[in-house]
Amino acid sequence: EAGVTQSPTHLIKTRGQQATLRCSPISGHTSVYWYQQALGLGLQFLLWYDEGEERNRGNFPPRFSGRQFPNYSSELNVNALELEDSALYLCASSFLTSGGAKNIQYFGAGTRLSVL
Amino acid sequence: DAKTTQPTSMDCAEGRAANLPCNHSTISGNEYVYWYRQIHSQGPQYIIHGLKNNETNEMASLIITEDRKSSTLILPHATLRDTAVYYCIVSDYKLSFGAGTTVTVRA
């Protein structure tokens, strides 16, 4: 069974441009999460989508946005790129159990975004 | 989400058990304890989770104290491939990754 897949693996952009990152969850998973990991730093929660709706977002500016499609895949858009947006962007998927208390997330290999 | 406290780093000899402690004194009743690890620049890998009972799978064992305020991840026979940053997370849905414990397995 395929795991979480992310594309592209690497992405190089210049300041002010827009970046689009894509994620395909594990089959049967309805929730997708996005995380940012800047070099040498921990993972920061960005966005959570479930059943096509944005459920929660982390402390990031509005130029970070995304969506979830009917097939549960997701894309993350970063507008007006800044140098400090350079990071590894990780996507995870899960199948929420009743009440959402148990939530095992499985991660993809990530997209490394470099902003020049 | 409850915060966790882990040692910054630890060394372990290859073939020996590695015991990774985690304090989570503010854990609430519906929060699970999750352990993940991240090998350099790869996506985090799920290891194990538990609510209040001890758990074991093919990768590790998880021991949770009766008051649920702390837990220990046990890697029974550490190998060089277990060198990674290990994260202890307490959460109901959103995972908050702290700095984790950098575990170095030495031959």
Side-chain angles (χ1 to χ4, degrees), chain A residues 3-6 9-10 21 23-26 29-51 54-60 86-114, chain B residues 1-9 22 24 27-60 62 64 68 71 73 84-103:
Chain A
V4 176
T5 58
Q6 293 186 244
T9 305
H10 294 88
L21 288 63
C23 173
S24 292
I26 291 172
H29 286 187
T30 60
S31 277
V32 170
Y33 308 79
W34 288 94
Y35 295 84
Q36 181 197 63
Q37 186 172 33
L39 190 63
L41 299 180
L43 283 82
Q44 302 296 318
F45 168 74
L46 258 169
L47 288 161
W48 170 30
Y49 292 95
D50 182 65
E51 298 282 2
E54 180 180 306
R55 300 298 185 183
N56 205 320
R57 66 180 292 129
N59 188 25
F60 282 84
S86 294
L88 180 66
Y89 289 83
L90 291 156
C91 171
S93 74
S94 74
F95 177 73
L96 285 183
T97 58
S98 175
K102 184 175 70 174
N103 181 22
I104 302 169
Q105 297 181 24
Y106 296 89
F107 285 78
T111 292
R112 186 161 297 282
L113 173 64
S114 298
Chain B
D1 295 337
K3 294 182 74 95
T4 62
T5 303
Q6 299 178 250
T8 302
S9 64
C22 179
H24 33 78
I27 190 171
S28 62
N30 65 342
E31 288 182 315
Y32 280 73
V33 179
Y34 300 88
W35 283 84
Y36 284 78
R37 72 181 183 184
Q38 187 175 25
I39 297 170
H40 183 63
S41 292
Q42 298 179 20
Q45 177 188 23
Y46 163 78
I47 300 172
I48 198 167
H49 74 282
L51 185 61
K52 46 188 172 181
N53 297 322
N54 297 339
E55 305 288 344
T56 295
N57 63 20
E58 64 279 3
M59 288 182 69
L62 175 60
I64 302 174
R68 304 212 317 129
S71 61
L73 178 75
V85 179
Y86 286 76
Y87 298 98
C88 168
I89 300 163
V90 171
S91 175
D92 51 5
Y93 67 90
K94 179 183 69 179
L95 301 183
S96 296
F97 288 80
T101 298
T102 299
V103 173

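For clarity, every value in this text was computed on a predicted model and none was experimentally measured.
Judged by distance alone, with hydrogens and angles left aside, the side-chain atoms of B:Y87 form no donor-acceptor pair with the main-chain N or O of A:G42 at under 3.5 Å.
In this structure, A:F45 has its ring center no closer than 6.0 Å to that of B:F97. Residues A:F107 and B:Y36 place their aromatic rings such that the two centres sit under 6.0 Å apart.
Among residues two or more places apart in sequence or in another chain, the ring-ring contact (aromatic ring centres under 6.0 Å, His included) test is passed with A:W34 by none. Residues satisfying the ring-ring contact (aromatic ring centres under 6.0 Å, His included) test with A:Y33, not counting sequence neighbours, are A:W48.
In this structure, chain B has no heavy atom under 4.5 Å from any part of A:Q44. Interface residue A:R112: only side-chain heavy atoms are found under 4.5 Å from chain B. Heavy atoms of A:L88 lying under 4.5 Å from chain B belong exclusively to its side chain. Only the side chain of B:Q38 comes within less than 4.5 Å of a heavy atom in chain A; its backbone stays farther off.
Minimum heavy-atom separation, B:G43 to A:L90: CA-CD2, 3.6 Å.
Considering only heavy atoms from C-beta on, B:Y34 comes within 4.5 Å of A:I104 through its side chain.
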